[in-house]
Protein chains: 2
Amino acid sequence: MDQLLFEQLLSFFKALADENRLKLIGMLAEKECSVEELATRLKIREPTVSHHLARLRELDLVTMRKEGNTHLYHLQATSLHKLSKDVLSLESIAAPDPEPNEDLWERKVLKDYLQEGRLSQIPASRKKREVILRWLVNQLEWEKRYPEKEINAFLLQFHWDSATLRREFIMTQLMMRENNVYWRI
Amino acid sequence: MDQLLFEQLLSFFKALADENRLKLIGMLAEKECSVEELATRLKIREPTVSHHLARLRELDLVTMRKEGNTHLYHLQATSLHKLSKDVLSLESIAAPDPEPNEDLWERKVLKDYLQEGRLSQIPASRKKREVILRWLVNQLEWEKRYPEKEINAFLLQFHWDSATLRREFIMTQLMMRENNVYWRI
DNA sequence: CATCTAATTAGATGATTATCTAAATAACTT
DNA sequence: AAGTTATTTAGATAATCATCTAATTAGATG
């Protein structure tokens with residue numbers, strides 16, 4: 001997802017994530033009100049209301065007009081509408097990537113299990129094992145057919161237990177085997 | 001607005017009003033994830049992620065299934081959709097009335113200015129003056145025509161400055177006058 | 001000009017809560 | 001059974017933020 005939209009949504013939620021601010025929105029939806037009236041009905045002090053209104057105003061959720069001494073606030077329905085629409089598309093949020101972040105998790109797994117180019121161990125957890133296996137298999141060529149002897153030699157560069165790794169390749173469907181010959185799929 | 005909906009919306013906003021929780025929603029929208037993976041990508045510790053997921057789970061925004069050791073969380077799109085819809089109707093929020101609240105403001109004004117049945121002063125602010133004037137005029141009968149003398153007598157019960165009050169009645173269009181006779185409009 | 005009223009700003013305080021470490025639980029591996 | 005891994009729970013700490021009082025600004029009234 002777009003970084004900008006993410007931050008907009010976040011501040012939108014923060015703005016409405018307060019009981020009194022949400023009530024303010026409700027009251028202003030009815031009619032425009034002075035600060036004093038809002039304070040009385042919410043049973044909190046004017047400065048507090050002022051503070052809340054300032055926050056809502058930052059997001060253009062409310063606007064203010066002066067009438068003599070008093071400041072009349074009213075709801076900015078358009079802004080509210082626009083943001084509500086974005087909320088509806090919340091499901092389309094992808095992970096915000098502040099960095100090349102997408103595979104941060106996988107890179108960490110690789111870093112944890114690879115010591116000077118060799119596998120310190122074969123991860124017990126299926127998810128991590130798969131990360132390792134995909135990384136290994138990626139160093140083999142597509143289309144090429146590898147005799148078992150060759151696969152073994154390749155795997156032994158990384159770990160003594162080439163048999164287990166070979167078996168895992170098959171089980172995870174990363175490779176196919178026929179007559180002791182292996183290839184990627 | 002419905003008190004229940006109000007509280008649902010409030011907790012919805014509170015749930016999403018945190019940077020990391022919002023990111024979690026984003027990541028889970030892509031695919032289901034383990035706690036460890038989420039923690040790694042967010043660069044925070046597992047217990048923290050666990051805590052956030054628990055909050056999201058309270059609102060049924062995410063659900064969890066166990067696969068061996070690991071807990072895989074995934075987004076509950078339905079709940080999200082339902083709540084988003086409510087957000088869209090935010091504008092229809094009326095003030096939540098924890099009490100007969102609607103005129104709490106006006107009742108406070110009356111309380112502030114009426115001491116033992118008499119006006120302590122005539123409010124300077126237009127908004128408050130109107131509250132007082134409407135209360136006063138409400139004690140006069142509809143349709144009836146009051147000679148100025150009678151109006152004065154009535155007003156003097158509440159305040160020495162009946163002349164100002166009379167003038168205000170006219171200015172605010174609460175009464176009409178013709179040949180020194182007054183009536184409500 | 002002096003006064004009053006409504007609102008805002010400044011600054012302090014207290015409550016909430018995101019985050020961490022350490023310990024407990026649960027499920028899998030050997 | 002013993003050890004390892006993933007998660008959760010408990011408890012402590014620190015940051016955020018809602019709220020208050022006191023002081024300031026701006027407008028209106030007399």
Side-chain angles (χ1 to χ4, degrees), chain A residues 10-11 13-24 32-40 42-58 62 64-73 105 108-109 112-113 120-129 131 161 164 168, chain B residues 10-11 13-24 32-40 42-58 62 64-73 105 108-109 112-113 120-129 131 161 164 168:
Chain A
L10 183 56
S11 28
F13 288 131
K14 280 188 171 158
L16 300 196
D18 174 88
E19 175 169 352
N20 282 327
R21 274 198 298 271
L22 196 51
K23 284 181 181 172
L24 282 175
E32 68 176 4
C33 295
S34 69
V35 174
E36 188 184 11
E37 172 167 2
L38 294 168
T40 310
L42 283 183
K43 293 172 187 161
I44 57 182
R45 302 268 160 215
E46 278 93 345
T48 308
V49 173
S50 225
H51 165 248
H52 287 317
L53 289 171
R55 285 200 59 176
L56 294 176
R57 203 150 42 139
E58 276 173 20
V62 305
M64 186 263 279
R65 72 183 178 85
K66 299 184 184 178
E67 180 175 310
N69 235 355
T70 91
H71 295 187
L72 278 317
Y73 283 83
W105 146 257
K108 177 171 186 296
V109 172
D112 286 351
Y113 284 87
S120 56
Q121 53 174 314
I122 302 176
S125 114
R126 191 182 57 74
K127 282 171 69 70
K128 291 182 184 173
R129 213 164 45 234
V131 172
D161 191 358
T164 295
E168 290 282 352
Chain B
L10 183 57
S11 28
F13 289 131
K14 279 189 172 159
L16 300 196
D18 174 88
E19 175 168 354
N20 282 327
R21 274 198 298 272
L22 196 51
K23 284 181 180 171
L24 281 175
E32 67 177 5
C33 296
S34 69
V35 175
E36 189 185 10
E37 173 168 359
L38 295 168
T40 310
L42 283 182
K43 295 173 186 161
I44 57 181
R45 302 269 160 213
E46 278 92 346
T48 308
V49 173
S50 225
H51 164 247
H52 286 317
L53 289 171
R55 283 200 63 177
L56 294 176
R57 203 150 42 137
E58 277 173 20
V62 306
M64 187 263 280
R65 75 184 176 85
K66 300 184 183 178
E67 181 174 308
N69 235 356
T70 92
H71 294 188
L72 297 183
Y73 282 84
W105 147 257
K108 176 170 185 298
V109 173
D112 286 351
Y113 284 88
S120 57
Q121 52 175 314
I122 300 176
S125 116
R126 192 181 56 77
K127 282 170 70 70
K128 291 182 183 173
R129 211 163 48 232
V131 172
D161 192 358
T164 294
E168 291 281 350

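Convention: sequence-line order gives letters A, B, ...; per-chain numbering from 1. The basis for the numbers below is simple: all heavy atoms, side chains too, and nothing from hydrogens, waters or symmetry mates.
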Any non-hydrogen side-chain atom of B:Thr48 less than 4.5 Å from a side-chain atom of B:Leu42? no
Sub-4.5 Å side-chain heavy-atom contact between A:Leu38 and A:Ile44: no
Considering only side-chain heavy atoms of [X], which listed nucleotide, [options], is closest?
X	options	value
A:Lys14	D:dC17, C:dA6, D:dT8	D:dC17
B:Val35	D:dT8, C:dT5, D:dA18	D:dT8
B:Ser50	D:dC20, D:dA10, D:dT7	D:dT7
A:Lys128	C:dT19, D:dA6, D:dT19	D:dA6
A:Asn69	C:dT5, C:dT8, D:dA6	C:dT5
B:Arg55	D:dT19, C:dT17, C:dT5	C:dT17
A:Glu36	D:dC20, D:dA18, C:dA6	C:dA6
A:His51	D:dA18, C:dT19, D:dA10	D:dA18
A:Met64	C:dA22, C:dA27, C:dT8	C:dT8
B:Ala124	C:dT5, C:dA18, D:dA18	C:dT5

Classify B:Arg126 by what it touches in the nucleic acid, base, sugar-phosphate, or nothing, heavy-atom distance under 4.0 Å.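 B:Arg126: no heavy atom of the nucleic acid under 4.0 Å.
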Looking across every strand, which nucleic acid part, if any, lies under 4.0 Å from A:Lys127 by heavy atom: base, sugar-phosphate, or nothing? nothing
Atom [atom1] of [X] to atom [atom2] of [N]: distance rounded to whole Å?
X	N	atom1	atom2	answer
A:His52	D:dT19	NE2	C1'	8 Å
A:Arg129	D:dA6	CZ	P	11 Å
A:Arg65	D:dG27	CZ	P	16 Å
B:Ile44	C:dC20	CD1	P	6 Å
B:Leu10	D:dA18	CG	C1'	13 Å
A:Glu46	C:dA7	CD	C1'	8 Å
A:Asp161	C:dT30	CG	P	10 Å
B:Leu24	C:dA18	CG	C1'	12 Å

Return no unless some side-chain N or O of [X] is found under 4.0 Å from OP1 or OP2 of [N].
X	N	value
B:Arg45	D:dT7	no
B:Thr48	C:dC20	yes
A:Tyr73	C:dT8	yes

One pair to check against side chain to side chain contact (heavy atoms under 4.5 Å, CB included): A:Arg129 and A:Arg126. What are the steps and the verdict? CA-CA 5 Å; A:Arg129 213 164 45 234; A:Arg126 191 182 57 74; 4.1 Å; yes
Just name whichever nucleotide pairs with D:dG30, Watson-Crick or G-U, keeping both distances under 3.5 Å, else none. C:dC1
Main-chain N/O of A:Tyr73 paired with A:Arg65 side-chain donor or acceptor, under 3.5 Å: no
Mapping A:Lys66 and A:Asn20 onto DNA chain D by nearest heavy atom, which one lands closer to the 5' end? A:Asn20
Could you state the interatomic distance from NZ (A:Lys14) to CG (B:Asp18), rounded to the nearest 0.5 Å? 7.0 Å
Distance (rounded to the nearest 0.5 Å) between B:Thr40 OG1 and B:Glu46 CD: 6.5 Å
With nearest nucleotides of DNA chain C determined for B:Glu67 and B:Ser125 from heavy-atom distances, which residue corresponds to the more 5′ nucleotide?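 Looking at DNA chain C, the more 5' nearest nucleotide goes with B:Ser125.
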So which one's nearest nucleotide on DNA chain C is more toward 5', B:Ala17 or A:His71?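 Per heavy-atom nearest nucleotide, the more 5' residue is A:His71.
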Using the salt bridge (charged side-chain N to carboxylate O under 4.0 Å, His left out) rule, pick out the option among A:Glu67, A:Glu37, A:Glu36 that qualifies with B:Lys127.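 Between B:Lys127 and the candidates, salt bridge (charged side-chain N to carboxylate O under 4.0 Å, His left out) is satisfied uniquely by A:Glu37.
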